[in-house]
Structure formats: structure tokens, C-alpha cells
J.: 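Here it is: the structure, laid out below.
These values consider heavy atoms only, across backbone and side chains, with no hydrogens, waters or symmetry-generated copies.
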Amino acid sequence: PMYMRINNVLLGIFILVSFVDSVFYSRTMRLKNILLIAWPVVVLFVLSVIASFYNWEPGGYKFLEKYWSLLLVPLVVLSDQIGFNQRRRNIFLALVWGCVATVAICYGNLIWEMVAGGEPVDYFFRWRHIGHQFTEIADTHPTYLGLFVVTSILFLIQDKSMLLSIKYPIFLFLILGLFQLASRMAILLFILIFLFVVINRIKHYRHQIILLILGIITCTTLFVFLGSPYMKDRMFSIEAITDDKRVQRWQVSYQIFKENPYLGVGYANVKQLRKEKYIENDFTLAATSELNAHNQFLEYLSTNGAFGGLIFVVSLGYLLLLSIIRRDHLFTFIFFAFILANITESMMVRIKGIEFFAIFTSLFLCFNLIKDK
């Protein structure tokens, strides 16, 4: 969940060691079979190859760097299905502890800034300590971290092995951190978790429901007494919720798609074209910050055209439908949450979103492959 460079190094070492391990133990699985099983992930790598070399310029291969995990992670995971199926819980625990460490770093920095600046306690939820300002120290984005945190919370709800004396403090700490992110999407996903737990086997999850309610009451109380006007307006005002600036920026990416409807414009041109259209429409901040589409479907439409948009929709739709058919509630939520997050973010543009999708989709496909045997 934090520090992109560290993530990339560790993931690279993991992939290398896994390949060596497969060779050493002579694990074999035909490449064709792996690609067929992992097509919802690998096909997005193919789109990135097309976008990297379409309208190619010297050095265009650099656009492909962050997308290699969409190919390599499925190859590693599906070449050792039994082993990774057995490590399923450990992989989710790694996400949980990663989220705990990330939120702890963010809170440590927040407290340090308040102490160093001599700020009163009621500054805890001021604009300087929420959202992007809260997560910047950990080199992560509020919506991405929010998705990781709510996934961790749902895993903790369903996990029966962790000691309650450890689980419940983590549970409450992550809920508090979730609200500190001031991400409406993260809060929406948290509410969906709450509704899911209430509707699905309420007696089985009665202790978790109590904790969820306790977390909601605690955070709401803190916001009422400590929340700044900026915080309250951002989270709860109708004006902030109905702000159409993002929708207006979506129209820019849609315009690029309409001008290049079949295969899009590729990675080499999309940033410059989008910036030019931002300037034409007086979106000065968006142009200066070189904002992406903030909608992954529009991102694929503009870079890969209708072909890419269709592939993206089919891939996520297949995963969601398969998880529902398998009654795998945890992964159903993961895919549904990922789809929702992609409405307001281009999750497959940033490495954290790409790696999250590659790892957990591969794990899901691996687990369900085992169930079929």
C-alpha cells in the first residue's frame, strides 16, 4: 500500500525467486493453459503493449514498464496453483499488515506535524491532515489506500484464525484511518461492507457488526467535535458531492475517443492531447497537473479506443460474474469495489492499482482452478 519503489523492488524479487523455485522443483504447466486461465489479466497487458507501440515513437517501450506485472504475476501464481492456494490467507494478511503499517506511518507524521507546529487537538481533522495531505508521507493515494483498507477489513471480518485481541484493535484502527482519508469512495465502500455484513448472516457476524457500529459512532463523534468546515463540506455537503468538474474533465477524454474511436491514440500521445483539450476548455488546474481521465473506462477508450474499452468491461464483468457464481463473497466484493473505484479513478494507470489487480485476480483464478479439480 505504500512506497512505489519499495513495492516494485520486492515484487521483482518475488517474481524472480518464484521462477527460480518453479525451475528448481520442475513445476510445469503449459503456457497456453496459464494464458487461457489468466486471460482477464493478461489481456490487459496486451492492451498496454498495443497502446505503447501504437503511434510509436523512439523510446515508446518505456510506457510498458509498469504493466509487466499483468503478465508475470499470473505466470508465477498459476504455475504453482496448489502452493499459492495454500498461501491465500497469508497474502491477505500481508495486505492487512501493509495497510496497518501505512496508516501508522501517516498518523505518526500527522502527530509529529501537530506537535512540531504546536497545533491544538481540534486540528486533527483540518485540511492539512486529511486526504492527500494525510497519505503523502507514505507515497500513496487516498482512494487506492481506501480500497486496500476496506478489502482488509472485509478479510478480517471473515477470517476466523486471528486472535480477537489482535483482530479487534486492528479493525478499529483501520476504520479510523479510513475516515481520515476523507475519500467519499472509500466511505461508500465501507458502507457497502456494513450492509453486506448486516444482510448476510447477521448472527454469524454479530461481533463484527458491533465493532463496525462502534467504529462508525466513534468516527462520526470525532468529526462532529473536531472536524473542520472544510472536512465537513468535502464529505457531506451537497455542493461537493454534486460538483461536476470531474464530469467535465471526463468529456475531454471522451472527445479524444470520438476523434480516434477504433484504437485510440496510444500512450505516446494521450497525455499531450488531453492537456491541450484541458487548456481549450479552461481547465487550468487539470492542465497544469496533467490529470489523467479519472475514469478507467474512459482511459481505455482514449488510449485503446472502443476495442480497449470493450476488453476492459468484459474482463471485469467476467471476474465479477465468476466470483458471484462461485459464491466467493470476499472476491465478489473486491471486484465490485474495484469497478466502483474505477468510476472516479484510473486505477490501471498507477502501479499500485495494476499490481493489486494482478496479484488478487491471479490468486482468485488460482483458487477457483483448484476447486474445479
Side-chain angles (χ1 to χ4, degrees), residues 4-5 47-48 50-67 127-128 130-147 181-186 230-231 233-235 237 239-306 308-309 312 340-354:
M4 182 181 69
R5 290 185 178 180
L47 289 180
S48 68
I50 295 172
S52 295
F53 294 100
Y54 181 61
N55 291 330
W56 184 82
E57 297 178 359
Y61 64 90
K62 293 182 180 179
F63 294 112
L64 195 58
E65 289 178 359
K66 59 186 174 183
Y67 295 100
W127 70 271
R128 291 181 59 249
I130 61 174
H132 289 277
Q133 290 76 21
F134 177 64
T135 61
E136 184 178 10
I137 186 66
D139 184 29
T140 192
H141 187 285
T143 302
Y144 290 69
L145 183 55
L147 175 62
L181 297 176
S183 167
R184 288 188 292 270
M185 179 57 67
Y230 170 83
M231 175 74 168
D233 288 343
R234 175 179 173 80
M235 296 300 297
S237 71
E239 292 78 9
I241 295 174
T242 57
D243 181 18
D244 62 353
K245 291 181 180 178
R246 187 177 300 243
V247 176
Q248 291 171 351
R249 294 198 298 267
W250 288 349
Q251 293 172 352
V252 167
S253 294
Y254 183 65
Q255 185 63 38
I256 295 174
F257 159 66
K258 288 199 299 182
E259 295 172 0
N260 306 270
Y262 301 110
L263 292 176
V265 298
Y267 292 141
N269 298 317
V270 68
K271 184 180 291 187
Q272 182 60 34
L273 286 173
R274 192 178 284 137
K275 184 175 182 178
E276 291 173 1
K277 291 187 179 296
Y278 283 152
I279 294 173
E280 290 175 9
N281 289 275
D282 267 344
F283 301 150
T284 307
L285 179 61
T288 303
S289 303
E290 297 185 339
L291 296 181
N292 58 41
H294 277 73
N295 178 291
Q296 188 58 58
F297 179 62
L298 287 172
E299 199 75 52
Y300 273 114
L301 286 180
S302 55
T303 55
N304 290 96
F312 177 65
L340 280 184
N342 274 292
I343 295 175
T344 60
E345 297 292 338
S346 298
M347 300 289 289
M348 300 300 288
V349 170
R350 291 175 178 261
I351 290 179
K352 285 187 177 67
I354 295 169

J.: Looking at side-chain heavy atoms only, is the closest gap between R274 and K271 below 4.5 Å?
T.: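 They are not in side-chain contact.
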
J.: If you round to the nearest 0.5 Å, how far is CE of M185 from OG1 of T344?
T.: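 Nearest 0.5 Å value for the OG1-CE distance: 4.0 Å.
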
J.: Report the C-alpha separation of S289 and L285 in whole Å, then their side-chain angles, then the decisive distance to 0.1 Å, and conclude whether the side chain to side chain contact (heavy atoms under 4.5 Å, CB included) test is met.
T.: CA-CA 6 Å; S289 303; L285 179 61; 3.8 Å; yes

J.: Let me see the working for L291 and Y278 under side chain to side chain contact (heavy atoms under 4.5 Å, CB included), right down to the final yes or no.
T.: CA-CA 9 Å; L291 296 181; Y278 283 152; 4.2 Å; yes

J.: In Å and rounded to the nearest 0.5 Å, what is the OG to NZ distance from S302 to K258?
T.: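 Going from the OG atom of S302 to the NZ atom of K258 covers 13.5 Å.
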
J.: Return the OG to OH distance between S48 and Y300, rounded to the nearest 0.5 Å.
T.: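 Rounded to the nearest 0.5 Å, the OG-OH separation comes out at 7.0 Å.
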
J.: Show the nearest heavy-atom pair for residues M4 and D139, with the distance to one decimal.
T.: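 Scanning both residues completely, I find the closest heavy atoms to be N-OD2, 3.1 Å.
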
J.: Is any side-chain heavy atom of V265 closer than 4.5 Å to one of I256?
T.: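 They are in contact (side-chain heavy atoms under 4.5 Å apart), so the answer is yes.
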
J.: State, with a plain yes or no, whether a side-chain heavy atom of L147 is found less than 4.5 Å away from one of M347.
T.: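 They are in side-chain contact.
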
J.: Side chains of L298 and Y254, heavy atoms from C-beta outward: is any pair under 4.5 Å?
T.: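 Of all side-chain heavy-atom pairs linking Y254 with L298, at least one is under 4.5 Å.
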
J.: Testing the basics here: between V349 and Y67, what is the closest heavy-atom pair and its distance to 0.1 Å?
T.: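 Between these two residues, the closest heavy atoms are CA-OH, 4.1 Å.
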
J.: Say whether, by atom type as modelled, one donor and one acceptor occur between the side chain of W250 and the main chain of H294 under 3.5 angstrom.
T.: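 Answer holds: yes.
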
J.: Rounded to the nearest 0.5 Å, how far does CZ of R128 lie from CD of Q133?
T.: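 Rounded to the nearest 0.5 Å, the CD-CZ separation comes to 9.0 Å.
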
J.: Measure across A286 and R249 and return the closest heavy-atom pair with its distance rounded to 0.1 Å.
T.: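 For A286 versus R249, the nearest heavy atoms are CB-CD, 3.5 Å.
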
J.: May I ask you to check whether Y267 and F53 place their ring centers less than 6.0 Å from one another?
T.: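 Here the rings of F53 and Y267 have centres that are no less than 6.0 Å from each other.
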
J.: So, applying side-chain contact (heavy atoms from CB on, under 4.5 Å) with L181, which one of I130, T135, T143 is it?
T.: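 Per the side-chain contact (heavy atoms from CB on, under 4.5 Å) rule, the option paired with L181 is T135, out of I130, T135, T143.
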
J.: Is there a donor-acceptor contact under 3.5 Å linking the side chains of Q255 and Q251?
T.: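 Absent: no donor and acceptor within the cut-off.
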
J.: Going through the checks in order, is the side chain to side chain contact (heavy atoms under 4.5 Å, CB included) test met by K352 and L145?
T.: CA-CA 9 Å; K352 285 187 177 67; L145 183 55; over 6 Å; no

J.: Which atom pair, heavy atoms only, marks the closest approach of F312 to Q296?
T.: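 Scanning both residues completely, I find the closest heavy atoms to be CZ-CG, 3.5 Å.
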
J.: Is the count of non-hydrogen atoms from other residues, nucleotides or ligands lying under 6.0 Å from E276 atom CD greater than 12?
T.: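 Yes, the 6.0 Å shell around CD holds more than 12 heavy atoms from other groups.
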
J.: Would you sort out whether F134 and T140 count as a side chain to side chain contact (heavy atoms under 4.5 Å, CB included), showing the intermediate values?
T.: CA-CA 10 Å; F134 177 64; T140 192; over 6 Å; no

J.: Determine whether a donor-acceptor pair (N or O, by modelled atom type, separation under 3.5 Å) exists between the side chain of N304 and the backbone of G264.
T.: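 Not at all, since once roles are kept as given, no pair shorter than 3.5 Å links the two residues.
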
J.: Under 4.5 Å between any side-chain heavy atoms of V252 and N281, yes or no?
T.: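 With C-beta onward as the side chain, the pair touches.
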
J.: Backbone N or O of A293 within a donor-acceptor pair of the E299 side chain at under 3.5 Å?
T.: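 The answer is yes, because a donor-acceptor pair under 3.5 Å joins these two groups.
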
J.: For residues H141 and E345, report the shortest heavy-atom separation together with the two atoms involved.
T.: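 Taking every non-hydrogen atom into account, CE1-OE2, 3.4 Å.
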
J.: Quick one: NZ on K62 to OG on S52, what's the gap to the nearest 0.5 Å?
T.: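 Going from the NZ atom of K62 to the OG atom of S52 covers 13.0 Å.
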
J.: How many angstroms lie between OG1 in T303 and CG in N260, if you round to the nearest 0.5 Å?
T.: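 Going from the OG1 atom of T303 to the CG atom of N260 covers 11.0 Å.
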
J.: List the atom of L301, the atom of G309, and the distance in Å for their closest heavy-atom pair.
T.: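 Heavy-atom minimum between the residues: CD2-CA, 4.0 Å.
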
